[in-house]
Structures are given as C-alpha cells and as structure tokens.
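Just below is one structure, and these are the notes that go with it.
In the text below, chain A, chain B and the rest are named by the order of the sequence lines, each starting its count at 1.
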Amino acid sequence: MSKQYLQDQIIQAAQKALDVKLNAQSIILERPKQAAHGDWATSIALSLAKELKAKPRDIAQKIVDSLDLDPSLVAKTEIAGPGFINFKLASGWLYSELVTLLDKKNSFGCCDHGKREKVQVEFVSVNPTGPLHVGHGRGAFVGDAIARLLQSVGYQVHREYYINDAGNQIDKLGRSVLARLNQIWGRPFEFPEGGYQGEYLKDFAAQLDSEQGARLKALPPDQLLSEATRISRDGMLENLKLSLKDLKVEFDEWFSEVGLVGSGAISRSLGELKKKGYLYDQDGAQFFKASEFGDEKDRVVIKSTGEHTYFAADIAYMLNKFGRGFKRLIYVWGADHHGDVPRMKGAAKALGHDPDSLEFILMQMVRLIEEGREVKFSKRSGVIVTLDELRDEVGPDVMRYFFLMRRSESQFDFDLDLARKHSDENPVFYVQYAHARICSIIDHAREKGIARTKSDLSLLKEKEEINLIKALLEFPEVVLGAALAREPHRLPTYLQDLAGVFHTFYHQHRVVTDDAGLTQARLDLCDAARIVFANGLSLLGVSAPEKM
RNA sequence: GCGCCUGUAGCUCAGUUGGAUAGAGCAUCUGCCUUCUAAGCAGAGGGUCACAGGUCCGAAUCCUGUCAGGCGUACCA
C-alpha cells in the first residue's frame, strides 16, 4: 500500500536528515481535500518545528532532500504552504493496484488486521415480550454492520442475542396473554398491573385460542398460566427470530438467561465477588461495591425478595463470555443504558479482567416522525410501528441504509413519510443505481459480442478515469477505519461519494466504443467499480441490484 | 443538582489521529436524453461551524465556561 511505503520512507529520511526517530503512528499521512495538493500529504515538518526549533519549511526541505523515492511509484514531491510535504503518486502505481483489486474481487477490502482474534458482539437482546419496533432497528443494523466489518478485517466474530427469558417481564407477558384468553372465553379476568396492553397480544391470544383453545380451557388455573407463559414466550421469541432474519440480521447464538440461571453461573459469579470482598448485605439485599470502581454508587445484585437483578445476570454472562475465550466484548446498547457502563466495567475489573476489553457502543434514541410530529411508541402502551410493518412498506434495503447512514452518537429522527415514499430522494438508490448501471454496461458489451481480453490499463488517462481509480483504491482504508472505529456510517458516506465519481465518469466517457483497446480497459475499470460497490453494499447488508 | 450525548447551509446530515479555500443529499434556480440506465450529469445561490474565552504555527475538531435539546441518575427493564 502506498501509505505504508511513504511512511517508511519518511521515517528513514527523517532519521538521516534530522537524526530524529519516528514511528509509523507519528507520521500522519492524509489525503488532501484539494487535488492540487497531491495524493498524500504530511504535516510532519510542522509538528517537528517546535522540538527542533527550526522553521517548518526548512525541516520539510531537509526531509525531502533525503527522501529516496522510487520514481515509478511517486511522481512528484513538493513542499507547500507553511511546510506540508505533498506527494503525487505515479500513474503506474495506480494501474498495478487496480490489477490487485481485480484479482481480489469479493475479497477486496478485506485484510487480516484482526489476526483471527476472537471478538464477541452482543446486540438487540430485546425482551421476548412483543414485536421489534422502529427503535430497535438501529441496534440491530448497527450491531450487524459492526460484526460484518470486523469479520472482513480479520477478526473471528461471534454474534449473540441475549434472551431475557427469565423473570418479571416474562411473567407479565404470560399473565397478559392469559387475561386476553379469559376475555375471549368470557371468563372473569383482571389485566395484570404493568402488563402488555398491545393489540398484538389480542391477536396472539385469538390465534392461540383457535389452535389450542379446547386443550387450554380444560387445564387447572396454575397449569393454564404456566402453559400460557411458555407458549407466549416461545411464540414471541420465534417472531423476533423471523423478523430479524427477514432483515438479514443473523446470530451465531441465542443465549438464554434461563440457561444461565440453570447452570448456576449467577451464584458462582456472585460467590466469586463475595470471596474477593466486593459484596455486602444491606437492608436484606446484596450490593456490589461499584463505587470502588468509579461508579456513582454501589449496585444491587440480589434484591431483598431474593431475586437476582439484571446486573447480576449481566455479570455472570460476562464471565461466561470470557470463559469462552473472547478477548473483546462489544455491547451494542441504547444510550438510555449508558449509566450501566461503569458498573459493568467495575465488575469486570473486580473479577480480574481488563475493563477496557469491554466496549460499549451507545446509540442515541430514535424518534419516529410522522406528518412532522413525533410518534410515541412503547410496547407497554401498545402504540407500535413494528420493524415488520416498516419492512413491508419500504423494504429492507432502504431501512438498513437509513439506519446505517448516521453516526450512533447523534439522535436519529426516522421520517416515516420520507421512508414510505420509496422515491429517488433516498440515497440508497443513488448507490444501487451506480451498481445497476455498471452491470448494464457490462451486459451491453457482452451483447455486442465483445470478448474480454487482457487489457492495457495505462490507456486510462482521463481525469475522470484517474479519479475513479483513486476513489476505488481508497476502499480498503475506509473499511478498516470504519471497523476499528466501530463506525459503519463511514461506508454509506464513502459509497455515495464513489457513486458520484462514477456517474461523472460515465457521463463524460463512453465505455463501449470502436477503440477496442480502450474499451477493454474501461470495461476492466467498470468491473473494478462493480466489485467495490458490491463489496461495500454487502458490508451494509444492502442488496446490489443488477437492474433497476 | 450531577453524569453522558448532541448543536455545522432553509431541511437532513458528513467532515478520519487538530491541517491548506468547511462538504454532500433534499429543497430553489439554469442548462443536458436519436448514442452503454435521466433513480443520472454540469452549473448557480445558500455558512458568525450555538455563544464567549483559552491552548497551538494552525481549531468545526482539544480545554474551560455559558445557552439550547435529548437521555440517564431504581431493590424497573
């Protein structure tokens, strides 16, 4: 890679000319915004000025004089402005990297940066008490995209969904369904306090009645409740799995809280904490000394009722993950849980794990906007726009792209009207259109009976061609950067830029012409662009249509 | 009150570890389809980067304060 090469050369030159030792991290190479400033630029002379007590431009000059760059790789080196050193790459280098791109095909953009390190990503983990709504979509898509990105840069990624299938909420679900059943049967019923009031449970109960009503009606009350609970929990979970699968969000493991409790992991984890002196009893409850690890206060792990808290289960689950050999645990959470981060890191530290190996991706809230006004949604109140409904209206591609376009830290207003329009206003079409257009060109060439031969890429000399090649070659850096920063939104940004560069090329130059050699070269360029669009979209889980 | 996130064009948002003249889409206006997809291209207008200080050769980016919005501050999930 060109960046690596330049970094090495600058380090050597600085050593030789100025007798300073630099490492690769300190050589900041960036792509200048303006083409006139070359392909790569470094401000190293500016940052060394203070330390060396010399003028930045003089330092730059000394470095440049000592550089021994291969002219077939770097065409021009110059000092500009206050002391930037600008590099212009030789076109031959671009062509050889383009060949590499064409050879790598689907794996272009992948690398082995992660060295097969085991990383666990936990996301969604919504209680199985109702359908997924629009607010859950963000976590689902961002978690999925982060997993895809990490996988592509060489990590061994394990995706998990933690199922809260034990405890209060499931009880409430069961009682809510039972109430609906009794309602249908004309039996006296009382809706549980804080139960789930949504329409979806009426429908669920009605279907349950039609399928197994006779059997259920005959059960004694206790058994009826436990049956209703079991059936509704399993049913809700099954629906969650289907919804996510339809949106191409998949998991390697569905991790059950019931299983965790049953294995005794929670009491073992708490025992461990107790042994180390981090637990104490107060008011009939057990507390973890979170305040010793920077949290605001100590946190309850066992309530005075004897039940464990979510936090207790989270600790046990965390230990379970470490026990399976994961070096890094990524939690994709809604920002409303950010207050839980210090206690989790504290528990990790208390149990002898590096708190920095726990990583929390906190996503700000999603607001649903319809007709310019915010729509409140909540499972318990029952007003829901489900992910399923949205998918039926706008399709998975639009949804995924929409949710992945924005940084996680900023609040996201999901404009229902705009999403429903399904119009060309949506940027996902802009990117997909570029891909479809390329496929169409390649088809056109095939229909004209043009046989593909090995091309001479050096025929690609036009400004728009060079710009396109450079933009394509940036892709691996974008992927790696997005993966390491856990910022999937960088991909849509890049792909939109790339689409613009491609469309400009397309309008300026014909691919299939009478010039056989040039046609071959441009078809190769199109192939390269198609590869990058396809790879980029696939990392987002968005389809790359061949026709639109 | 305290903690976390956010504030960039009329609207929705990008802006890499501080870099050279702050970008895109939508909206508005002007051109471009007998030639590989016009879901496209070319161009124009539009900015006190919330505000005030500070650090730095250099700040939308880092620090402090102020203002505004969101979230959190449970033996809830």
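With RNA chain B read from its 5' end, the first of the two nearest nucleotides for A:Arg343 and A:Glu487 is the one closest to A:Glu487. Both A:Asp497 and A:Gly81 lie close to RNA chain B; mapped to their nearest nucleotides by heavy-atom distance, the more 5′-ward contact belongs to A:Gly81.
A:His509 comes within contact range of at least one nucleobase, with a heavy-atom separation under 4.0 Å. Within the nucleic acid shown, A:Ala41 comes within 4.0 Å of at least one base atom, counting heavy atoms only. The residue A:His337 sits close to a base: some heavy atom pair falls under 4.0 Å. A:Leu29 comes within 4.0 angstrom of a base, heavy atoms only. Residue-level contact check: A:Thr493 touches the backbone only, with heavy atoms under 4.0 Å from sugar-phosphate atoms and none from bases. Across all strands shown, A:Glu464 has no heavy atoms under 4.0 Å from either base or sugar-phosphate atoms. Residue-level contact check: A:Asn168 touches the backbone only, with heavy atoms under 4.0 Å from sugar-phosphate atoms and none from bases. Within 4.0 Å of A:Gln34, counting heavy atoms only, lies at least one base atom of the nucleic acid. Across all strands, A:Ala436 comes closer than 4.0 Å to base atoms (heavy-atom distances). Contact annotation for A:Ala80: base contact, defined as any heavy-atom pair under 4.0 Å involving a base atom. Nucleic acid contact class of A:Asn164 (heavy atoms, under 4.0 Å, all strands): none.
Residues A:His509 and A:Glu465 have side chains that never bring a donor and an acceptor to within less than 3.5 angstrom of each other. Looking only at atom types and distance, the side chain of A:Asp397 has a donor-acceptor partner in the side chain of A:Gln432 under 3.5 Å away. Using a 3.5 Å distance cut-off with no hydrogens or angles, the side chains of A:Glu257 and A:His308 do pair a donor with an acceptor. With hydrogens and angles left out, the side-chain atoms of A:Gln169 and A:Tyr196 include a donor and acceptor closer than 3.5 Å. Neither side chain, A:Gln496 nor A:Thr493, offers a donor N or O lying under 3.5 Å from an acceptor on the other.
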Exercise. Apply side-chain contact (heavy atoms from CB on, under 4.5 Å) to A:Lys470 and A:Asp39, showing your working.
Key: CA-CA 9 Å; A:Lys470 285 179 181 172; A:Asp39 298 306; 2.6 Å; yes

Exercise. Kindly determine whether A:His444 and A:Lys448 satisfy side-chain contact (heavy atoms from CB on, under 4.5 Å), including the steps that lead there.
Key: CA-CA 6 Å; A:His444 174 78; A:Lys448 288 194 79 170; 3.5 Å; yes

Exercise. Any chance you could encode RNA chain B as dot-bracket? Rule is Watson-Crick or G-U wobble with both distances under 3.5 Å; [ ] for pairs crossing earlier ones, | for another strand.
Key: (((((((..((((.....[...)))).(((((.......))))).....(((((..]....))))))))))))....

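Counting heavy-atom neighbours within 6.0 Å of A:Lys88 NZ, excluding the residue itself, gives a total of 12 or less. Heavy-atom contacts from other residues, nucleotides or ligands closer than 6.0 Å to NZ of A:Lys303 number more than 12.
Straight-line distance from the CZ atom of A:Phe505 to the P atom of B:C36: 15 Å, rounded to whole Å. Atom CZ in A:Arg510 sits about 12 Å away from atom C1' in B:U34, given to the nearest Å. For the pair A:Leu491 CG and B:C13 P, the interatomic distance rounds to 20 Å; values are reported in whole Å. Atom NZ of A:Lys33 and atom P of B:A20 are 4 Å apart (whole Å). Here B:C76 presents its C1' atom at 13 Å from CD of A:Glu193, a figure rounded to the nearest Å. Look at CD1 on A:Ile85: it is 14 Å from C1' on B:G19, rounded to the nearest Å. Here B:C11 presents its P atom at 14 Å from CZ of A:Arg367, a figure rounded to the nearest Å. Atom CZ in A:Arg522 sits about 15 Å away from atom P in B:C36, given to the nearest Å.
Donor-acceptor pairing under 3.5 Å, judged by distance alone, is present between the side chain of A:Asn86 and the base of B:A20.
Not counting sequence neighbours, the partners of A:Tyr280 by the ring pair (Phe, Tyr, Trp, His ring centres under 6.0 Å) test are A:Phe287. Shown here are the ring pair (Phe, Tyr, Trp, His ring centres under 6.0 Å) partners of A:Phe87, two or more places apart in sequence or in another chain: there are none.
The aromatic rings of A:Phe403 and A:Phe412 stand perpendicular to each other, their planes meeting at an angle above 60°, with 30° marking the opposite boundary. A tilted orientation is assigned to the rings of A:Phe502 and A:Phe505, their planes being inclined by 30° to 60°. Relative ring orientation between A:Phe293 and A:Phe288 is described as parallel, the plane-to-plane angle staying below 30° on a 0-90° scale split at 30° and 60°.
In this structure, of B:A39, B:C75, B:A74, it is B:A74 that holds the atom nearest to the side chain of A:Lys297. For A:Val511, whose side chain is taken as the heavy atoms from C-beta onward, the closest listed nucleotide among B:C71, B:C75, B:C36 is B:C36. Residue A:Lys303 places its side chain closer to B:C76 than to any other of B:U21, B:C76, B:C57. Nearest nucleotide to the A:Val300 side chain, out of B:C75, B:A20, B:A39: B:C75. If you check B:A74, B:C71, B:C76 against the side chain of A:Asp336, the one that comes closest is B:C71. If you check B:G15, B:A20, B:C13 against the side chain of A:Arg406, the one that comes closest is B:C13.
B:C33 shows a glycosidic angle within 90° of 0 and is accordingly assigned syn.
As rounded to the nearest Å, B:A14 and B:A50 have P atoms that lie 14 Å from one another. Annotation: B:C67 and B:U28 have their P atoms spaced 39 Å apart (nearest Å). Rounded to a whole angstrom, the distance from the C1' atom of B:A22 to that of B:C13 is 14 Å. Using atom P as the reference point in both B:A9 and B:G47, the two lie 10 Å apart (nearest Å). Of the C1' atoms belonging to B:A44 and B:C5, the separation is 37 Å, rounded to the nearest Å.
Here A:Lys3 does not pair with A:Glu477 in a salt bridge; the nearest charged N to carboxylate O distance is not below 4.0 Å. In this structure, A:Arg452 pairs ionically with A:Asp524, as a charged nitrogen and a carboxylate oxygen lie closer than 4.0 Å. Ion pairing of A:Arg299 with A:Asp295 is present here, as a side-chain N (NZ or NE/NH1/NH2) and a carboxylate O approach within less than 4.0 Å.
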When you compare the protein's N or O atoms with those of nucleotides 2-5 of chain B, which come within less than 3.5 Å of each other, and at what distance?
from : atom 1 : to       : atom 2 : distance (Å)
B:G3 : N2     : A:His338 : NE2    : 2.6
B:C5 : O2'    : A:Gln364 : NE2    : 3.4
B:C5 : O2'    : A:Glu409 : O      : 2.4

Contacts under 3.5 Å, N or O only, protein and nucleotides 40-46 of chain B:
from  : atom 1 : to       : atom 2 : distance (Å)
B:G40 : O2'    : A:Arg437 : NH1    : 2.9
B:G40 : O2'    : A:His507 : NE2    : 2.6
B:C41 : OP1    : A:Tyr430 : OH     : 2.5
B:C41 : O4'    : A:His507 : NE2    : 3.1
B:A42 : OP1    : A:Thr504 : OG1    : 3.0

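Contact check of residues 311-318 of chain A against RNA chain B (heavy atom, cut-off under 4.0 Å) returns no residues at all.
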